[in-house]
Amino acid sequence: MQEILSRYDLAAGEYTIEPFGTGLINATWKISRTDGERSFILQRINTAVFNNPGQIAENVRQLKNFFDQRFPHYLFVAPLADVDNRLLVPDADGNVFRLIPFVDNSVTIDVVMHSAHAYEAAAQFGKFTRLLREFNQDRLQYTLPDFHNLSLRITQFEEAVANAPAGRKAETAETIDLARRYRGIADRYDSIVAGGAIPRRVIHHDTKISNVLFDRNGHGLCVIDLDTVMPGYFISDVGDMMRTYLSPANEEEQDLDKIEVRTDFLRAIADGYLSEMGGALTEAEQKLFFYSGEFMIYMQALRFLTDHLNGDTYYGARYPGHNFMRAKNQFVLLARYLEAAKSLAL
Ligand code: GN1
Ligand code: MG
């Protein structure tokens, strides 16, 4: 890592390096100068997932140009160039790194405990998409093609079921059945896409709370982690907020009784997102606001279950059955979400 840091002219010995954050895909460290003067975020990109990290760098460069020209006051946090003016730095083993400035006085949170945070975060994701309305989407590359294509996720799930070792298949039989019973959620997605019902927009595609920077007073500053910014549908962003902000217990929780849907947080997500995007959303989109949560929770449940059946090759597992547990967690969340919809008559 010293080798990488030297590429940015950061002298060994003047900085401390500590693991940072809870992301499942890339590896992240905080690099702090020992005198407290400045800090950075160093990331090693998971190239098994992002086969072409150059596309991420290019997307970020395009977005930065747009913001610089059109909204120069927007806080756009972009990777720094190294001494050779590269935004990505490879090491001898084929790993790819990037260095991002740490925004002074910014904080991130891992669990949403106050609905005001849900509001602020939703407003930031809404603002991001709103500001990019006139950005030419053709300039963006699909860093992960079909990332939120729910039909494809079903296909991958069925393939995993077909190829899974008999043991894993037998243990998960009930959850496999459950997954199939929710199939209607994917059919609805198919009809939305086939009918061209809703517009493609610039979508973040990873709206968990830790991807928002807050100031010390709890006001949202901007969104970060731009790896999956691609053309897509708003249901991805609103849905992932539903998935990750509504329950006080997150996808790692093993005590599934702790999973609940806080309806005041649902309100906060809607109010925050609409405070920025309300004027832009079409009628068809507005009708899909609640569906977005079904869509994303179901997709994540399928992805965890698929990975379990495939032997944890994508997300990894910190204990045996980890992805199976995560999948069961997400199916409970989905059930609670649908109950909440009923009680609110949504
Ligand atoms: C991954 O790495 P992280 O935690 O930002 C995943 C998301 C999932 C999330 C579930 C590229 O995001 O799609 O929702 O895990 N990112 C990718 O925690 O697959
Ligand atoms: Mg991410």
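Side-chain atoms are counted along with the backbone in the values below, which use heavy atoms only and exclude waters and symmetry mates. These figures come from a predicted structure and were not determined experimentally. Both counts, for ligands and for their atoms, begin at 1 and track the order of listing.
- Interface atoms of ligand 1 facing L144, defined by a heavy-atom separation under 4.0 Å, are 11 (C).
- In this comparison of F50, F304, Y314, the heavy atom closest to atom 17 (C) of ligand 1 sits on Y314.
- Side-chain rings of F214 and H219 stay apart, their centers remaining 6.0 Å or farther from each other.
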For this session: Please assess R326 against Q300 for the test side-chain hydrogen bond (donor to acceptor under 3.5 Å, both in side chains), listing each intermediate value before the final yes or no.
Result: CA-CA 9 Å; R326 286 165 165 160; Q300 193 61 57; over 6 Å; no

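- Figure legend: cation-pi geometry between K30 and F40 absent, as NZ or CZ is not positioned both under 6.0 Å from the six-membered ring centre and within 45° of its axis.
- The closest approach between a heavy atom of H205 and any atom of ligand 1 is not below 4.0 Å.
- Contact annotation for R243 and ligand 1: only side-chain heavy atoms (C-beta onward) come within less than 4.0 Å of the ligand.
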For this session: Test side-chain hydrogen bond (donor to acceptor under 3.5 Å, both in side chains) on E120 and Q124 and set out the steps.
Result: CA-CA 6 Å; E120 288 291 320; Q124 285 304 320; 5.1 Å; no

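- In the vicinity of Y315, heavy-atom distances shorter than 4.0 Å reach the ligand 1 atoms 8 (C), 15 (O).
- Checking only distances, N26 never comes within under 3.5 Å of ligand 1, N or O to N or O.
- Contacts between D206 and ligand 1 below 4.0 angstrom, taking non-hydrogen atoms only, involve the side chain exclusively.
- Less than 4.0 angstrom separates some heavy atom of E251 from each of these atoms of ligand 1: 10 (C), 18 (O).
- For ligand 1, the polar-atom distance check finds no N/O of N211 at less than 3.5 Å from any of the ligand's N/O atoms.
- Distances between N or O atoms of L24 and those of ligand 1 include at least one value under 3.5 Å.
- Aromatic rings from F135 and F66 are positioned such that their centres are separated by under 6.0 Å.
- For the side chain to side chain contact (heavy atoms under 4.5 Å, CB included) with F128, the lone residue among V223, D237, V212 that qualifies is V223.
- Annotation: cation-pi geometry not satisfied between R188 and F295 (NZ/CZ under 6.0 angstrom from ring centroid, within 45° of ring axis).
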